[in-house]
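These notes concern the structure reproduced below.
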Amino acid sequence: MARSLGVYAVEGDEREARRRKLEALRESGVNPYPNDFRPTDTTGDVVARFGSSDADELAQLDGEVCLGGRIVSRRDFGKASFLHLQDRRGRLQAYVKRNVVGDEAFALFKQMDLGDFIGVVGKPFRTRTGELTVEVHQLRLLGKSLRPLPEKWHGLTDVEARYRQRYLDTTTNEQVRETFHKRARIIQRLRQFFVDREFFEAETPMMQSVAGGAAARPFVTHHNALDMQLYLRIAPELYLKRLLVGGFDRVFELSRVFRNEGVSTRHNPEFTLLEFYQAYATYRDLMDLTETLFVELADDIAGSRQLSWGEHQLDLSPPWRRVSIPDYVADELDLSLDAVRDLDLPTLRGAADGVGGLLNQDYGKKYGDAAAGYLLMDLFETIAEPELIQPTFVEEYPVAVSPLARRSETAPKFVDRFELFIAGREMANAFSELNDPVDQRQRLETQLEHRAAGDDEAHAMDEDFVRALEHGMPPAAGEGIGVDRLVMMLTDATSIRDVILFPHMRPEKEVPPEA
RNA sequence: GAGCCGUUAGCUCAGCUGGUUAGAGCAUCUGCCUUUUAAGCAGAGGGUCCCGCGUUCGAUCCGCGGACGGCUCACCA
């Protein structure tokens, strides 16, 4: 305790001053935290109504406006003061004069600080400099703030503080608020897009006894009453397909999944995934749908199909480029297309030598075509991904890396699948769904072999899922879209933490205690 | 998980080759100020220089270890 007094003496200084004001208010009978004030307007309403009125027009008004918000700046004079009030719609200047509000209210106002929530009633006018301002007739303290706001000019720029104390970031930085408003609108547009097309919105289990549907490590938890291990889902896929079996032939889910993996500018352990499944469609149909969706979003959110994302200038105008993996690899590395399509391991190994530094890392864990499939993917990613800047559908994936996708009828070692790349990032993953239960069981058993051989990201077996397929699933195509990355693209964010309100952080070593 | 960089007042930042008492602006406190908007003027207070160990007569500064963060890479969406 004595120690913390020393450590936090400085901040305590300002907080001490605010506490004293708080006590003084209470002693004079003022409740510093009332909840009986009802604003009838917002700053946005006032600007919309009076933003184009000149000083004379405003002078002839006889109505009042009533606002609630936080004091985010103030400029004091002896017997008057200007302040800016910020609410959900923006900020507006207010002018407090002692001879208007009265001595008592003005004395109270003098005790108010930056960061306090207040309610004001007053009349709009224009200042000498022409700024729309509310002349305050009455004011109330609605919520006392005991800690200082970040510096007014630079705002809060310390990245760590911005993420850990997002409330300060959003209070201070208008752009950040805008980004999250855009995110909310994107979520709504996504939902509406699928509802409009008669997709059923599903809510499937977040806690699963088998974490299926993707290749990723799950978070593990425990259910006490049932004394059983549960996993946070890594994907909703297997449940959404059960719904295809169950008669919902168009379904989607838009919510959180959890993957126990690294944190980076592109990864957060929990992230938002949109998955949708459409019966009687193929992955090719979903290409068209995806183009339509992205273009609608770009038009609405960014106002253009020409986007700037970090260092890249993007053009989302359809149709987008399509690239076949075996074609591309054979062409770029001057290999026999037949050998590549046949997943000929010696051919691919030889090519890997040429690419350099990419040989047999842990392909020993996999067998036969699987090893060749993984190798082909590594080859492709190494040589092609850096140039997948403009929207590109990459297609023809090896069966081994796609255990839930439908086998191609023309190239049986490949599946009917695409991934969408933009700015080198994977934005979507889609395929014609495997609805052959015999093939599905076999594929998952192969995954189990990989798992037994040490690949802890191999897919798990889900017996009930296979049983569901045995009851019959309509032919369908499904897709997953990484919503956070989509938001990043549409808001020109380079870190996923800039589009997630409360990104994952290590715990602080100590939160400063009460002084 | 690896590499590089960073951490100084509540906030934004200076701080020379290791040398007396670590500075500025904003914020806070006191006084003045009724059209300001990074308001102004005068004054005051506020620091475990991220933590620990070491080197040194002496460390915010150099070395080692650690914590947290950023970027890049790896895994992935």
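Each chain gets a letter, A, B and so on, in the order its sequence line appears, and its residues count up from 1. Just so you know, these numbers use all the heavy atoms, side chains as well, and skip hydrogens, waters and symmetry mates.
The residue A:T265 sits close only to the backbone: its heavy atoms come under 4.0 Å of sugar-phosphate atoms, none of a base. Among the protein residues, A:D484 comes within range of no part of the nucleic acid, since none of its heavy atoms lies under 4.0 Å from any strand. A:G480 comes within 4.0 angstrom of no nucleic acid atom, judged by non-hydrogen atoms across all strands. Looking at heavy-atom distances under 4.0 Å, A:N268 makes contact with a base. Residue contacts for A:E457: at a heavy-atom cut-off of 4.0 Å it reaches the sugar-phosphate backbone alone, with no base atom in range. Contact annotation for A:Y95: base contact, defined as any heavy-atom pair under 4.0 Å involving a base atom. Within the 4.0 angstrom heavy-atom criterion, base atoms lie near A:R259. Counting any heavy atom pair closer than 4.0 Å across all strands shown, A:I481 reaches no nucleic acid atom. Within the 4.0 angstrom heavy-atom criterion, no nucleotide atom of any strand lies near A:F258. Within 4.0 Å (heavy atoms only), A:E160 reaches sugar-phosphate atoms of the nucleic acid but no base atom. At the heavy-atom level, A:R162 lies nowhere under 4.0 Å from the strands shown. Nucleic acid contact for A:T157: sugar-phosphate only, since backbone atoms but no base atoms lie under 4.0 Å from a heavy atom of the residue.
Base-pairing analysis of RNA chain B finds the following stems of at least three consecutive Watson-Crick or G-U pairs, with both pairing distances under 3.5 Å: B:1-7 with B:67-73, B:10-13 with B:23-26, B:28-32 with B:40-44, B:50-54 with B:62-66.
With B:U28, B:A27, B:C68 as the choices, the nucleotide that has an atom nearest any side-chain atom of A:R164 turns out to be B:C68. Listed nucleotides: B:C11, B:C71, B:A27. Nearest to the side chain of A:E14: B:A27. Taking every side-chain heavy atom of A:S495 into account, B:C71 is the closest of B:C29, B:C71, B:U36. Between B:G70, B:A27, B:U36, one nucleotide has an atom nearer to the side chain of A:Y163 than all others, and that is B:G70. Comparing atom distances between the A:P150 side chain and each of B:C29, B:C11, B:U35 picks out B:C11 as nearest.
Heavy-atom neighbours of A:M461 CE from other residues, nucleotides or ligands within 6.0 Å: above the threshold of 12. With a 6.0 Å radius and a threshold of 12 heavy atoms from other residues, nucleotides or ligands, A:E174 has its CD atom at or below the threshold. Around atom CZ of A:R322, more than 12 heavy atoms belonging to other residues, nucleotides or ligands sit under 6.0 Å away.
Side-chain polar atoms of A:R91 and A:T43 form no donor-acceptor pair below 3.5 angstrom. Neither side chain, A:T157 nor A:R162, offers a donor N or O lying under 3.5 Å from an acceptor on the other. A:S255 and A:E203 are not linked by any side-chain donor-acceptor pair at a separation below 3.5 angstrom, with hydrogens and angles left out of the test.
Rounded to whole Å, the separation between the P atoms of B:C41 and B:A24 comes to 16 Å. The gap from the P atom of B:A38 to that of B:G1 amounts to 47 Å, rounded to the nearest Å. Here the separation of B:C4 from B:G40, taken at their P atoms, is 45 Å to the nearest Å. Comparing the C1' positions of B:U30 and B:G45 gives an interatomic distance of 10 Å, to the nearest angstrom. B:C26 sits 33 Å from B:G69 when the P atoms are compared, rounded to a whole Å.
You'll find the ring centres of A:F199 and A:F194 inside the 6.0 Å limit. Between A:F431 and A:Y283, the distance separating the two ring centers is not shorter than 6.0 angstrom. The distance between the ring centers of A:F219 and A:Y231 does not fall below 6.0 angstrom.
For a distance-only test at 3.5 Å, the side chain of A:E16 fails to qualify as a donor-acceptor partner of the base of B:U28.
With sequence neighbours excluded, no residue forms a side-chain hydrogen bond (donor to acceptor under 3.5 Å, both in side chains) with A:R177. In this view, A:N268 satisfies the side-chain hydrogen bond (donor to acceptor under 3.5 Å, both in side chains) rule with no residue, not counting sequence neighbours.
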Name the atoms and distances for all side-chain donor-acceptor pairs under 3.5 Å in residues 104-111 of chain A, with sequence neighbours left out.
residue: A:K110; atom: NZ; partner: A:F77; partner atom: O; Å: 3.2
residue: A:K110; atom: NZ; partner: A:G78; partner atom: O; Å: 3.4

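Within the cation-pi definition used here (under 6.0 Å to the ring centroid, within 45° of the axis), A:R166 does not qualify as a partner of A:F502.
Along RNA chain B, the nucleotide closest to A:F125 and the one closest to A:I496 are compared, and the more 5′ of them pairs with A:F125. Between A:W153 and A:E135, the one whose closest nucleotide on RNA chain B sits nearer the 5' end is A:E135.
A straight line from CG of A:D169 to P of B:G10 spans 20 Å, rounded to a whole angstrom. With rounding to whole Å, A:K110 atom NZ is found 9 Å from B:C32 atom P. Residue A:D378 contributes atom CG, which lies 11 Å from atom P of B:A74 at whole-angstrom precision. Put simply, CZ on A:R15 is 11 Å from P on B:G10, counting in whole angstrom units. When the P atom of B:A38 is taken as reference, atom CD of A:E151 falls 13 Å away, rounded to whole Å.
Ion pairing of A:D484 with A:R266 is absent here, as no side-chain N (NZ or NE/NH1/NH2) approaches a carboxylate O to less than 4.0 Å.
Of the residues in residues 75-84 of chain A, those lying under 4.0 Å from RNA chain B by heavy-atom distance are A:R75, A:D76, A:F77, A:G78, A:K79, A:A80, A:F82, A:H84. Against RNA chain B, the stretch residues 415-430 of chain A makes heavy-atom approaches under 4.0 Å through A:E426.
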